Number of protein chains: 2
Amino acid sequence: MRTARGRDGSPSMVEVAASAGVSVGTVSNALNHPHRVRPATLAKVHAAIEQLGFSRAENRPARTNPSMVQVATVAGVSVGTVSNALNHPEQVRPATLARVRAAIEQLGFTPNANARSLAGGESRTIGLVVVDLGNTLFVDIARGAQREAAARRESLLVTNSDRDDAQQDAHLDLFESARVRGVVLAPLSDPFAGIQRVRRHGTPLVVVNYDDGRQDCCTVLVDNERVGYLAARHMIDLGRRRLAWVSELNDLQPVRERQAGVRRAVREAGRGVDLVELDTEGVGENHGDHVVEEVLALPARRRPDALVAVTDILGVSVVEALQGAGLSVPEDIAVMGCDHDARAWGGAVPLTTVRLEGEEMGAAAVRLLAAEVEEGIDHVHRRVVVQPSLLVRESSAGRAPR
Amino acid sequence: MRTARGRDGSPSMVEVAASAGVSVGTVSNALNHPHRVRPATLAKVHAAIEQLGFSRAENRPARTNPSMVQVATVAGVSVGTVSNALNHPEQVRPATLARVRAAIEQLGFTPNANARSLAGGESRTIGLVVVDLGNTLFVDIARGAQREAAARRESLLVTNSDRDDAQQDAHLDLFESARVRGVVLAPLSDPFAGIQRVRRHGTPLVVVNYDDGRQDCCTVLVDNERVGYLAARHMIDLGRRRLAWVSELNDLQPVRERQAGVRRAVREAGRGVDLVELDTEGVGENHGDHVVEEVLALPARRRPDALVAVTDILGVSVVEALQGAGLSVPEDIAVMGCDHDARAWGGAVPLTTVRLEGEEMGAAAVRLLAAEVEEGIDHVHRRVVVQPSLLVRESSAGRAPR
DNA sequence: CTGAAAGCGCTTACAG
DNA sequence: CTGAAAGCGCTTACAG
């Protein structure tokens, strides 16, 4: 078993505690708040400290990183050569390189990125400000951005604005003051102000998942029209003929676009396929109930045989309400959602959905950022539209034969 | 409507596109890949560019942040005074302060945090390395850490190691090279190597959600024994008498501890309450089926009336399997999970669970880090155990009367 | 291939 | 209360 020793081999508090026959917490108190410890115990602890030669100073070394000057001294070269060994090793004689690397290893040298960025005038980190890490889509975006950044030998730093505009601004400023190479923003609402905030400094910026229609910066978007189209088309392909679009009727861009896609699929299908649009007055976990009442109130021949919900959360809610009313899914009514939201994965009937490909979105954002950095003054903002994909599960297609 | 103009009022590509009657993409192509654009269109775009006085250089200003020297010049003071205005405003005469602030505002000055950290020798950002952002617990931890950091006027930067030790190491090094004030690590597995990696530089470090038993650093832990105890105790309080512990039988610390808590609750309940322990051979989405078969195979008088699953994911799986077998939850058998995992929120029957209080854990970690920074050489590592709490929902208590 | 020196944008004693 | 100057730890031309 490894024992808990300081790097110089001095005993740790764990060993003191063991030797004194008390808990580590008691040792801590004995050192910091001796009045909280009974005199007898205090004596035992001090005896153990004495015996083991324990010293707090050795136990927790002061924070100190060796600098390039020290590396240079140990290696017997100049600071410039250490820098070259780090950044342009091909320009350094192999023997020298070896000496420098040995010194780096020996001292445990970790370059100071702040000094590096200051002197070199560039940073290799990208900042990602995300509206809600509780939503799977944004975790996927972060994952994809991370992957693409790593492939380009850049680091990704994430920040969660948690649906708060003030935090979002603070995080944009944070990355600006860190002089990151660029910022990816997945905003809560119209990011106009945020964009200005970043761009007035000329910092490259990519906005993800929000189309402000202005093209002030590069953008990565979901083709939401296609989300709706894929969903409705799937139901039609399964032979369903009376579709219902289940959504809150609001003006949010993604909602409108998905609805348009559903309508197009129904239109393309021609006669024989109908569409009814049902308002849930909300997209929360319980908003399925209301819609299901509406569905059941319809005369049998007009009752839909397929429900497409605007989100997975809503879709799950609808499935539950249907089952609660004694209907079976998908036999009586097929149901699906949109988003591929992990919070909807636990349902009684696995929900068919349209997946948004967050990882691809995150990766595309980092690629756009890299392009903007490379192209410099010649850069022209682009928009990338990531295509969603259908994910068929039981709520539409039924249980696969085993 | 706001129009998309550069900060100097020059026209944007959007306006060029509108004026030429083409899409923004076409303008982009006309500028960057003229051969892709038909000559007639090209002419229209160039005419519009001519007419509007559009210039790419103005459209995307080169990246340039004003420095304190420029602020000082505009304000008519020295650089040191600007610095004081920023960091020790109480030491600056009000009139001077106002001039400096006006200059900062006018120039859009954002201090360079790298230079600041280098000169001042300290940073106000904390790094959080998290094992899996897809798991709600860690998102909650990040949220709590963020909140506590903000309250202390520090920034939190998050990194997702995505269950990959190599990434975890890379992220620890990243934060080390950024000379952050301290690091919070929620590790995948035994973090011994990672801890050494950070601590050899004396960087403050707090480990969350992993008890390595060595006390080399401050730690924030869940009381997993109590997780199990609360769960079993809840079932017993509801009048259930034949409990089953449903879990993969493995040696993971949290699993062992939760099991111990369940046993203690049953023991305390005395005669009349039994416990059977069922092995799921996995904790995935489908591992409930196997256990339910086992349950149904038991003679009626030994069949459990309450199942406690080690995780929510498993709990949801168990509920589904029971319902699939025609049993009702909680009437025939009450079920609950542990973790309060958002991925289990969509189930047909809302799952009773024991919540891990991730936000509190994240906040506690930042507090420990702050204490370590303040106490310096006198710091002694502490461990904070965060108490879980019971969250009662339908799967154990049934539907609340409406 | 290597070294000496300037400079990145700040903060912090220290004078005044 | 304000300014001049040193220095944080690097990178980058420029000499040699």
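This structure is a prediction, so every number in the text was calculated from the model and none was measured. First the proteins, then the strands, lettered A, B, ... as listed; each starts at 1.
Atom NE2 of B/H88 and atom P of D/dT2 are 14 Å apart (whole Å). As a whole-Å value, the separation of A/N114 CG from D/dG7 C1' is 16 Å. When the P atom of C/dC8 is taken as reference, atom CG of A/L118 falls 9 Å away, rounded to whole Å. With rounding to whole Å, A/L86 atom CG is found 11 Å from D/dT12 atom P. Across the protein-nucleic acid pair, A/N84 atom CG and D/dT11 atom C1' stand 9 Å apart, rounded to whole Å. The distance between atom CZ of A/R93 and atom C1' of C/dG3, rounded to the nearest whole Å, is 13 Å. Atoms CE (B/M68) and P (C/dT12) sit 11 Å apart, rounded to a whole Å. Atom CD in B/E122 sits about 16 Å away from atom P in C/dC10, given to the nearest Å.
Mapping A/G80 and B/V79 onto DNA chain C by nearest heavy atom places A/G80 at the nucleotide closer to the 5' end. A residue-by-residue look at A/N65 and B/Q91 shows that B/Q91 has its nearest nucleotide of DNA chain D further toward the 5' end. Nearest-nucleotide positions on DNA chain D place B/P94 closer to the 5' end than the other of B/P94 and B/G120.
Closest to the side chain of B/T96, from the set C/dC10, D/dC10, D/dT2, is D/dT2. Checked against D/dG9, C/dG3, D/dG3, the side chain of B/T81 finds its nearest nucleotide in D/dG3.
In this structure, A/V77 reaches the sugar-phosphate backbone alone: every heavy-atom distance under 4.0 Å involves primed, P, OP1 or OP2 atoms, never a base.
Between B/S83 and C/dT11 there is a side-chain polar atom (N or O) within less than 4.0 angstrom of OP1 or OP2. The phosphate of C/dG3 (OP1 or OP2) has a side-chain N or O of A/S78 nearer than 4.0 angstrom. A close approach under 4.0 Å does not occur between any side-chain nitrogen or oxygen of B/N112 and OP1 or OP2 of C/dC10.
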Open item on the list: Please determine whether side-chain contact (heavy atoms from CB on, under 4.5 Å) holds for the pair A/R197 and A/V183, giving the CA-CA distance in whole Å, both sets of side-chain angles, and the decisive distance to 0.1 Å.
Closed with: CA-CA 11 Å; A/R197 207 181 184 83; A/V183 173; over 6 Å; no
Task: Stepwise side-chain contact (heavy atoms from CB on, under 4.5 Å) check, B/V184 with B/F175 - done: CA-CA 10 Å; B/V184 178; B/F175 285 135; over 6 Å; no
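Between A/R152 and A/E148, at least one side-chain nitrogen of the basic residue sits less than 4.0 Å from a carboxylate oxygen of the acidic one, meeting the salt-bridge criterion.
Side-chain contact between A/S78 and A/T81 is present, with at least one heavy-atom pair separated by less than 4.5 Å. Counting heavy atoms from C-beta on, the side chains of A/V207 and A/I195 come closer than 4.5 Å. Annotation: side chain of B/R116 is not in contact with side chain of A/S177 (no heavy-atom distance under 4.5 Å).
Each of A/E176, A/R181, A/R179 was evaluated against A/T203; a single residue qualifies, A/E176, per the side chain to side chain donor-acceptor pair (under 3.5 Å) test.
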Task: 5'-to-3' dot-bracket of DNA chain D (Watson-Crick, G-U; under 3.5 angstrom; crossing pairs as [ ]; | other strand) - done: |||.||||||||.|||
